[in-house]
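To keep things clear, I will list the structure first and then write my remarks on it.
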Amino acid sequence: MNSKANFSILFLCFITFTLTAQHTKVAVWPNGVPDAILNNEYIETSTFDELDTLKGLSKVSNPDISIFLADSTSLNAPSVIILPGGGYSHLAINKEGYKVAHWLNSVGISAFVLKYRMPTDKTMKNKTVGPLQDAQETIRIVRRNAKKWNLNPNKIGVLGFSAGGHLASTLSTHYDDKVYTPSDKTTARPDFSILIYPVISMNEGIIHNGSKNNLLGKKPSVALIEKYSNEKQIDTQTPPTFLVHATDDTVVPVENSINYYLSLKNNKIPAEMHIYENGGHGFGLGIDETNINWPEACTKWMFNKL
């Protein structure tokens with residue numbers, strides 16, 4: 001084999017190693033998903049944009065974590081688990097996942113994108129707890145590996161968009177719920193939460209019906225609605241929270257964030273909220289107007305307040 005061929009092989013190996021290092025994935029449940037129903041017809045599907053870049057995922061039944069470790073980290077820096085939105089029917093995995101991880105890396109924060117399961121009776125014995133099982137175990141995995149990944153185990157937070165914001169607020173208020181049997185006593189409590197145009201409430205008037213129907217079913221009990229209306233589940237142990245919303249959001253009304261903030265305030269939980277006049281729903285890291293500034297404000301909050 002000539003030297004040119006050798007170089008080509010080495011170069012390809014280097015590229016493969018680099019991509020693997022940047023996008024290392026670990027399974028959330030390597031020994032099997034708890035309370036799963038085997039369904040070979042429920043197959044994960046992907047959607048792509050016009051540039052053939054992965055855009056979204058649906059029918060997720062095998063959750064995993066994409067690991068994005070910052071090039072240079074300090075034990076004083078926080079780390080963040082990212083929960084993309086998608087109405088509990090799909091995941092906007094690129095805009096509200098990988099792009100967010102790259103932003104966090106750029107400011108010295110390690111990030112972990114959770115591909116969580118979509119709640120469905122087709123693959124789960126109890127779909128209302130499926131996403132929470134994944135979120136609880138993910139924060140435990142990250143915390144167990146804090147030394148290996150050079151993380152501060154006391155500065156691990158969660159960031160969720162839209163329905164991912166509902167899951168983040170559920171994790172922040174139901175972290176002690178026993179929805180599966182963990183392998184050890186590692187806590188699933190986030191040290192902080194960042195909620196971006198989040199679904200919070202399951203009550204009529206401000207709910208996103210798609211998220212509610214997918215998670216709880218079309219005719220949930222009053223008790224179930226109350227349980228997953230997370231503004232009503234806040235107590236003095238709920239993590240400090242950073243909230244972002246737009247007044248003109250017609251998909252998930254701004255009252256979701258306002259009510260959560262007011263409950264945090266009433267429980268004397270540190271909280272910061274940014275409400276923008278414009279932006280609608282799904283602006284991700286910011287598109288235009290003033291909402292484009294929220295990542296900078298959030299960065300300052302994470303480094304100065306935590």
Side-chain angles (χ1 to χ4, degrees), residues 27-47 56-65 81-93 96-97 113-141 158 160-182 188 190 195 198-204 206-233 251-252 256:
V28 176
W29 307 106
N31 298 317
V33 178
D35 303 319
I37 298 172
L38 181 63
N39 186 340
N40 292 327
E41 295 181 356
Y42 192 84
I43 301 172
E44 183 175 310
T45 57
S46 305
T47 56
L57 299 170
S58 59
K59 294 187 176 181
V60 176
S61 59
N62 292 302
D64 62 40
I65 308 164
I81 295 165
I82 303 167
L83 308 177
Y88 283 124
S89 67
H90 66 281
L91 299 177
I93 197 77
E96 297 176 351
V113 180
L114 172 59
K115 183 182 77 174
Y116 57 92
R117 287 174 292 153
M118 300 297 93
T120 174
D121 296 325
K122 295 179 179 179
T123 61
M124 301 174 177
K125 292 180 181 178
N126 181 359
K127 71 175 183 176
T128 67
V129 301
L132 180 58
Q133 289 174 326
D134 297 347
Q136 282 191 0
E137 183 61 13
T138 294
I139 199 165
R140 288 182 169 119
I141 289 170
V158 62
F161 294 82
S162 194
H166 184 266
L167 180 54
S169 66
T170 303
L171 179 62
S172 298
T173 54
H174 296 269
Y175 54 85
D176 261 346
D177 286 14
K178 190 173 181 180
V179 292
Y180 69 99
T181 302
L195 309 178
V199 176
I200 295 290
S201 183
M202 291 291 160
N203 283 297
E204 293 299 325
I206 63 172
I207 183 56
H208 177 249
N209 281 313
S211 297
K212 178 182 178 181
N213 292 343
N214 288 328
L215 183 66
L216 305 184
K218 292 185 178 180
K219 295 182 179 180
S221 67
V222 173
L224 204 57
I225 292 171
E226 185 82 5
K227 180 178 180 179
Y228 286 101
S229 293
N230 292 324
E231 77 279 14
K232 298 182 179 181
Q233 304 302 323
V251 178
V252 178
N256 281 269

If you apply the rule side-chain hydrogen bond (donor to acceptor under 3.5 Å, both in side chains), what do you find for Thr170 with Asn230, and how did you get there?
CA-CA 6 Å; Thr170 303; Asn230 292 324; 2.9 Å; yes
Show, in sequence, the C-alpha distance, side-chain angles and deciding distance for Tyr180 and Gln136, and conclude whether the side-chain hydrogen bond (donor to acceptor under 3.5 Å, both in side chains) test is met.
CA-CA 9 Å; Tyr180 69 99; Gln136 282 191 0; 4.6 Å; no
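The shortest side-chain heavy-atom distance between Val179 and His174 does not fall under the 4.5 Å cut-off. Using a 4.5 Å heavy-atom threshold, the side chains of Pro198 and Val252 count as separate. Within the 4.5 Å cutoff, no side-chain heavy atoms of Ser61 are placed close to those of Val33. You'll find the side chain of Arg140 reaches within 4.5 Å of the side chain of Pro182, heavy atoms only. In this structure, the side chains of Val113 and Ile93 come closer than 4.5 Å at one or more pairs of heavy atoms. Contact annotation: the side chain of Lys122 never approaches that of Lys59 to less than 4.5 Å [non-hydrogen atoms, C-beta and beyond].
In this structure, the side chain of Asp35 does not engage the main chain of Asn126 through any donor-acceptor pair within 3.5 Å. Within the 3.5 Å criterion, the main-chain N or O of Leu215 finds no donor-acceptor partner in the side chain of Tyr228. Formation of a donor-acceptor pair under 3.5 Å by the Thr120 side chain with backbone atoms of Thr123 is not found in this model. Using modelled atom types, one side-chain atom of Lys127 and one backbone atom of Asn214 make a donor-acceptor pair closer than 3.5 Å. Under the 3.5 Å distance criterion, the side-chain polar atoms of Asn256 are matched with a main-chain donor or acceptor of Ile200. Proximity of a side-chain donor or acceptor of Asp64 to a complementary backbone N or O of Lys115 within less than 3.5 Å is not detected. Side chain of His166 to main chain of Lys212: no donor-acceptor pair is present (N/O by atom type, distance under 3.5 Å, no hydrogens or angles). Proximity of a side-chain donor or acceptor of Gln233 to a complementary backbone N or O of Glu226 within less than 3.5 Å is detected. No donor-acceptor distance shorter than 3.5 angstrom exists from the side chain of Ser211 to the backbone of Tyr88, with no hydrogens or angles considered.
Within the model, atoms CD1 of Ile81 and CG of Leu167 stand 10.5 Å from one another, a figure rounded to the nearest 0.5 Å. Distance check, rounded to the nearest 0.5 Å: CG of Leu216 to OG of Ser229 gives 8.5 Å. In this structure, NZ in Lys227 is found 10.0 Å from OG1 in Thr173, a value given to the nearest 0.5 Å.
Of the candidates Leu91, Ile65, Leu132, Val28, Tyr116 forms a side chain to side chain contact (heavy atoms under 4.5 Å, CB included) with just one, namely Leu91.
With sequence neighbours excluded, the residues forming a side chain to side chain contact (heavy atoms under 4.5 Å, CB included) with Ser46 are Phe48, Leu54, Leu57, listed by chain and number.
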